[in-house]
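Please read the structure below before turning to the comments.
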Amino acid sequence: MTPQNELRLLPWSGPDGKPCYLSTDDSGGYMSRLADNIEAVQLGMAAELVEEIPAVLGNRDAGSEDLRRMLTELTGALRDVLRVATSRGHLLAVSEPQPTASLRKPIL
């Protein structure tokens, strides 16, 4: 199983857009590697899209269709990045030891 029998949120959706999860004790297994690779592709595509934004926004000739396409692509990329962040954040939360209350530093 994954750390503390936790499930890994996968970077794709199932039927009807429902989240998919993986339960495994093999982080190097086929499904884990597939999920890692897809996450890397999704993050790379989002980074490329972010680099394209200034060109589209700076183009005075860009029409509403260009802006609509960019917004649609940004929405999909943001959805993917949030899923990756949620998955990785959850994995970090269960795999890192939590400090005891006396060791926590107050946020100023």
Side-chain angles (χ1 to χ4, degrees):
M1 294 289 151
T2 54
Q4 299 178 359
N5 293 328
E6 294 292 329
L7 300 176
R8 175 182 179 172
L9 177 63
L10 294 172
W12 56 81
S13 298
D16 302 322
K18 293 182 180 178
C20 292
Y21 296 91
L22 175 64
S23 176
T24 183
D25 58 357
D26 184 5
S27 62
Y30 176 78
M31 290 301 292
S32 294
R33 289 190 327 269
L34 178 63
D36 291 342
N37 289 335
I38 290 175
E39 286 178 351
V41 168
Q42 290 172 328
L43 293 174
M45 290 172 61
E48 290 174 13
L49 188 57
V50 166
E51 290 179 11
E52 292 177 21
I53 293 170
V56 173
L57 293 179
N59 181 357
R60 295 187 180 268
D61 295 329
S64 61
E65 280 301 311
D66 296 321
L67 296 175
R68 188 179 329 272
R69 181 192 59 82
M70 180 63 67
L71 187 56
T72 300
E73 290 180 19
L74 279 171
T75 301
L78 181 57
R79 185 179 305 114
D80 292 342
V81 168
L82 284 172
R83 184 184 302 267
V84 172
T86 299
S87 177
R88 292 184 181 183
H90 184 68
L91 291 174
L92 288 174
V94 297
S95 64
E96 291 181 353
Q98 297 296 314
T100 61
S102 62
L103 297 177
R104 291 184 187 154
K105 294 180 181 178
I107 298 174
L108 301 177

Notebook entry, point to check: Taking atom CG of L10 and atom OH of Y21, what is their separation to the nearest 0.5 Å?
Noted result: 9.5 Å
Item checked: Point-to-point distance, once rounded to the nearest 0.5 Å, from CG of L74 to CZ of R79 -> 11.5 Å
Notebook entry, point to check: Hey, is CE on M70 packed in by over 12 heavy atoms from elsewhere, all under 6.0 Å?
Noted result: yes
Notebook entry, point to check: Going by heavy atoms in the side chains, are D66 and N59 under 4.5 Å from each other?
Noted result: no
Notebook entry, point to check: Is the closest basic N to carboxylate O distance between E65 and R69 below 4.0 Å?
Noted result: no
Notebook entry, point to check: Does T72 use its side chain to pair, donor to acceptor, with the backbone of R68 at less than 3.5 Å?
Noted result: yes
Next item on the list: Report the distance from atom CG of L7 to atom OG of S87, rounding to the nearest 0.5 Å.
Entry: 10.5 Å
Next item on the list: Indicate yes or no for a side-chain donor-acceptor contact from T75 to the backbone of L71 under 3.5 Å, with no hydrogens or angles considered.
Entry: yes
Next item on the list: Consider only side-chain N and O atoms of R8 and S27, and report whether a donor and an acceptor are under 3.5 Å apart.
Entry: no
Item checked: pair D80-L43: side-chain heavy atoms closer than 4.5 Å -> no
Next item on the list: For residues Q42 and R83, determine if any side-chain heavy atom of one lies less than 4.5 Å from a side-chain heavy atom of the other.
Entry: no
Next item on the list: Quick one: closest heavy-atom pair of V56 and A62, and the distance?
Entry: O-CB, 3.7 Å
Margin query: Applying the side-chain contact (heavy atoms from CB on, under 4.5 Å) criterion to M31, which one of L22, D26, T24, D36 satisfies it?
Written below: L22
Margin query: Hydrophobic cluster membership, with links at side-chain heavy-atom distances under 4.5 Å among I/L/V/M/F/W/Y: are L78 and M45 in one?
Written below: no
Note to self: Which heavy atom of A46 sits nearest to which heavy atom of A77, and what is that distance?
What the structure shows: CB-CB, 4.0 Å
Notebook entry, point to check: Going hydrophobic residue to hydrophobic residue with side-chain gaps under 4.5 angstrom, can you get from L82 over to L49?
Noted result: no
